[in-house]
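These values consider heavy atoms only, across backbone and side chains, with no hydrogens, waters or symmetry-generated copies.
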Amino acid sequence: MELLNEIWQTARRNKLRTALTGFAVAWGIFMLIVLLGAGNGLINATMKQNEQFLSNSMMVFGGQTSKAYQGLKEGRRIRLQTTDLDITSTEFKENIDYVGAQIVSVATTISLGQQYISSSIIGVYPNHTKIDKIEMLHGRFVNEIDQKDKRKVIVLSNNHAKELLGNEKYETLLGKYVKVGQFAFQVIGIFKDDENGSTYPYSSHSTIKSIYSANSDNIGRIEFTFHGLPTEEDNEAFEKEYRQRLNANHQAAPDDENSIWLWNRYTQSMQMNMGMSIIRTALWIIGLFTLLSGIVGVSNIMLITVKERTREFGIRKAIGAKPWSVLRLIIIESIIITAIFGYIGMLLGVAANQYMDATLGHEEIDTGLFKATMFVDPTVGIDVCIEATAVIIIAGTIAGLIPALKAAKIRPIEALRAE
């Protein structure tokens with residue numbers, strides 16, 4: 001108890017020195033936790049977006065030619081056709097598993113009695129629910145029979161179902177018929193609404209095409225799952241060969257990358273993972289250097305402390321104090337200062353992350369295609385907070401140990417001569 005009281009009296013006599021030491025420690029811990037929390041928030045938001053899609057999937061869009069070829073001018077609009085779907089499913093069986101397509105109707109009115117909504121409808125193949133990871137709440141999704149028989153069926157989001165039923169339980173809509181334009185569609189399923197963007201009802205691809213695009217060979221866009229392409233080089237080679245084949249089907253230059261646009265979610269996922277790894281490493285490096293600045297601050301202050309108290313230590317030893325008592329005094333003082341202010345920095349860092357989660361964690365940005373949350377759970381695990389605090393306490397102890405050893409070894413006569 002006397003030792004703690006002595007340390008307290010020393011801190012009171014040197015308020016500025018103690019405050020500067022504590023600030024260096026607290027700031028290092030605070031910045032490390034905030035930086036890691038912000039980084040985790042960005043990484044979690046990215047992962048949440050990626051988890052909405054199957055990584056080994058690809059979407060194919062028709063584009064616009066950028067080169068003249070075989071007497072045809074550049075600037076031609078390429079629309080994907082049934083032959084492109086056949087080429088995809090028959091000529092690339094080595095890597096492609098299941099092929100589907102998406103076609104979007106014009107905006108139409110979907111009504112039930114006096115309630116109605118206005119929305120486009122997306123016609124898809126049954127594989128779409130696996131590629132886009134749609135979460136069914138009630139009923140089922142479009143199946144092969146719906147696609148084959150061109151059944152007039154519709155799958156609604158839970159929010160659309162609520163709008164059509166008013167205050168009723170939306171699951172009671174299953175099996176009922178809703179009016180889609182001039183046609184009656186049976187509700188076969190209800191899925192969870194996508195909170196990050198606009199959600200459209202689904203029907204079979206064949207149904208939507210026969211109603212809204214019967215006189216055209218346009219099939220919208222192609223989507224498929226694939227396997228056996230583990231590296232970016234393999235994916236690039238596949239994309240090049242696949243694009244050349246579709247370009248040939250539309251009399252476009254083989255090397256024209258604008259005529260057919262590919263969205264490869266697997267390479268995107270690999271690039272994202274690499275980017276997140278770089279971000280994590282960079283944040284840790286920056287955070288550790290910030291932490292190091294606190295350690296350096298503690299070291300400098302402890303060196304100054306020992307120098308200023310050289311005469312005091314000399315007097316202590318002259319009246320019989322053991323070297324261990326001097327060593328213990330400096331070490332315990334260092335531990336207490338770093339522990340108290342390290343804990344304060346940890347609490348402030350955790351509070352800042354919680355504030356970030358409550359504000360930025362609920363903000364959305366509009367990318368034009370969908371809405372995305374900027375931060376998701378921008379926090380740091382309590383284990384990281386405790387470990388970071390423990391590191392700076394240990395480092396502060398070592399920083400105090402070096403001058404303490406020097407002070408313990410000094411002879412009393414030399415200490416008393418020091419100015």
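Counting only heavy atoms from C-beta outward, the side chains of E163 and Q115 never approach each other to under 4.5 Å. Residues L246 and V60 meet the side-chain proximity criterion, which asks for heavy atoms closer than 4.5 Å. Within the 4.5 Å cutoff, the side chain of T65 has no heavy atoms near those of the N258 side chain. Taking 4.5 Å as the limit, some side-chain heavy atom of F226 sits within range of a side-chain heavy atom of Y266. Between L348 and I33, every side-chain heavy-atom pair lies at or beyond the 4.5 Å cut-off. Counting heavy atoms from C-beta outward, F30 and V350 have side chains that stay 4.5 Å or more apart. Here the side chains of T172 and K169 are in contact, with some heavy-atom distance below 4.5 Å. Within the 4.5 Å cutoff, side-chain heavy atoms of R245 are placed close to those of E91.
Shortest non-hydrogen contact noted between Y116 and S111 is CB-CB, 3.7 Å. Between I188 and F141 the shortest heavy-atom distance is CD1-O, 3.9 Å. Nearest heavy-atom pair, Y200 versus S120, reported as atom, atom and distance to 0.1 Å: CD2-O, 3.5 Å. Annotation for R243 and I260: closest pair NE-O, 3.1 Å, computed over non-hydrogen atoms. In plain terms, the two heavy atoms of R151 and S203 that are nearest each other are O-OG, 4.3 Å. The two residues E171 and I190 make their nearest non-hydrogen contact at CA-CD1, 4.0 Å.
Residues N218 and Q81 bring no donor and acceptor atom of their side chains to less than 3.5 Å of each other. If you check the side chains of N56 and T225, you find no donor sitting under 3.5 Å from an acceptor. The closest side-chain donor-acceptor pair between H128 and E223 falls under 3.5 angstrom. Side-chain polar atoms of D234 and T231 form a donor-acceptor pair below 3.5 angstrom. A side-chain donor from one of D256 and S66 sits under 3.5 Å from a side-chain acceptor of the other. Defined by atom type and a distance below 3.5 Å, a donor-acceptor pair is present between the side-chain atoms of T88 and Y242. A donor-acceptor contact closer than 3.5 angstrom is absent between the side chains of D146 and S204. Donor-acceptor pairing under 3.5 Å is lacking for the side chains of T267 and N235. Side-chain atoms of R77 and Q64 form no donor-acceptor pair, as typed in the model, at a separation below 3.5 Å. There is no side-chain donor-acceptor pair under 3.5 Å between H227 and N95. Side-chain contact, R265 with S55: no donor N or O sits under 3.5 Å from an acceptor N or O.
Classification of the W261-W263 ring pair by plane angle, with boundaries at 30° and 60°, yields parallel.
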Taking it one step at a time, do F341 and F23 satisfy side-chain contact (heavy atoms from CB on, under 4.5 Å)? CA-CA 7 Å; F341 286 98; F23 178 79; over 6 Å; no
Notebook entry, point to check: After noting the C-alpha distance and the side-chain angles of I121 and V180, does the key distance pass the side-chain contact (heavy atoms from CB on, under 4.5 Å) rule?
Noted result: CA-CA 9 Å; I121 302 175; V180 179; 3.4 Å; yes
*asked:* Run the ring-ring contact (aromatic ring centres under 6.0 Å, His included) test on Y98 and Y125 for me, step by step, so that the C-alpha distance in whole Å, both residues' side-chain angles and the decisive distance to 0.1 Å come before the verdict.
replied: CA-CA 10 Å; Y98 191 90; Y125 279 63; 7.2 Å; no
*Could you walk me through whether L173 and L112 pass the side-chain contact (heavy atoms from CB on, under 4.5 Å) test, one step at a time?*
CA-CA 10 Å; L173 191 59; L112 179 67; 3.4 Å; yes
Q: Would you check, one step at a time, whether the test side-chain hydrogen bond (donor to acceptor under 3.5 Å, both in side chains) holds for D84 with H250?
A: CA-CA 9 Å; D84 297 308; H250 293 275; 2.7 Å; yes
Take I222 and L85 through the test side-chain contact (heavy atoms from CB on, under 4.5 Å) and record every step on the way to the result. CA-CA 7 Å; I222 297 173; L85 198 63; 4.0 Å; yes
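Atom CZ of R79 has 12 or fewer heavy atoms from other residues, nucleotides or ligands within 6.0 Å. With a 6.0 Å radius and a threshold of 12 heavy atoms from other residues, nucleotides or ligands, K240 has its NZ atom at or below the threshold. Counting non-hydrogen atoms of other residues, nucleotides and ligands closer than 6.0 Å to CD of E94 gives a total of 12 or fewer. In L72, the CG atom is crowded: over 12 heavy atoms of neighbouring residues, nucleotides or ligands sit closer than 6.0 Å. The 12-atom threshold is exceeded at CZ of F61, counting heavy atoms of other residues, nucleotides or ligands nearer than 6.0 Å. Enclosure of atom CE in M136 by more than 12 non-hydrogen atoms of other residues, nucleotides or ligands within 6.0 angstrom is indicated. For E232, the CD atom is densely surrounded, since the number of other residues' heavy atoms within 6.0 Å is greater than 12.
Taking CG from L137 and CG from L156, the interatomic distance works out to 12.0 Å, rounded to the nearest 0.5 Å. Atoms CG and OH, on L164 and Y170 in that order, are 13.5 Å from each other to the nearest 0.5 Å. The distance from the CZ atom of F92 to the CZ atom of F224 is 8.5 Å, given to the nearest 0.5 Å. Going from atom CG of N247 over to atom CD of Q251 covers 11.5 Å, rounded to the nearest 0.5 Å. We find the NE2-CG distance between H138 and N158 to be 8.5 Å, quoted to the nearest 0.5 Å. Rounding to the nearest 0.5 Å places CD1 of I208 at 12.0 Å from NZ of K150.
Between the side chain of K209 and the backbone N or O of S216 there is at least one donor-acceptor pair closer than 3.5 Å. With hydrogens and angles ignored, the 3.5 Å screen pairs a side-chain donor or acceptor of Q147 with a backbone N or O of S206. The closest donor-acceptor contact from the side chain of D132 to the backbone of I134 lies at 3.5 Å or more, if one exists at all. Checked by atom type and distance alone, the side chain of S157 never pairs as donor or acceptor with a backbone atom of T199 at under 3.5 Å.
For Y177 and F185, the distance between ring centers is not under 6.0 angstrom.
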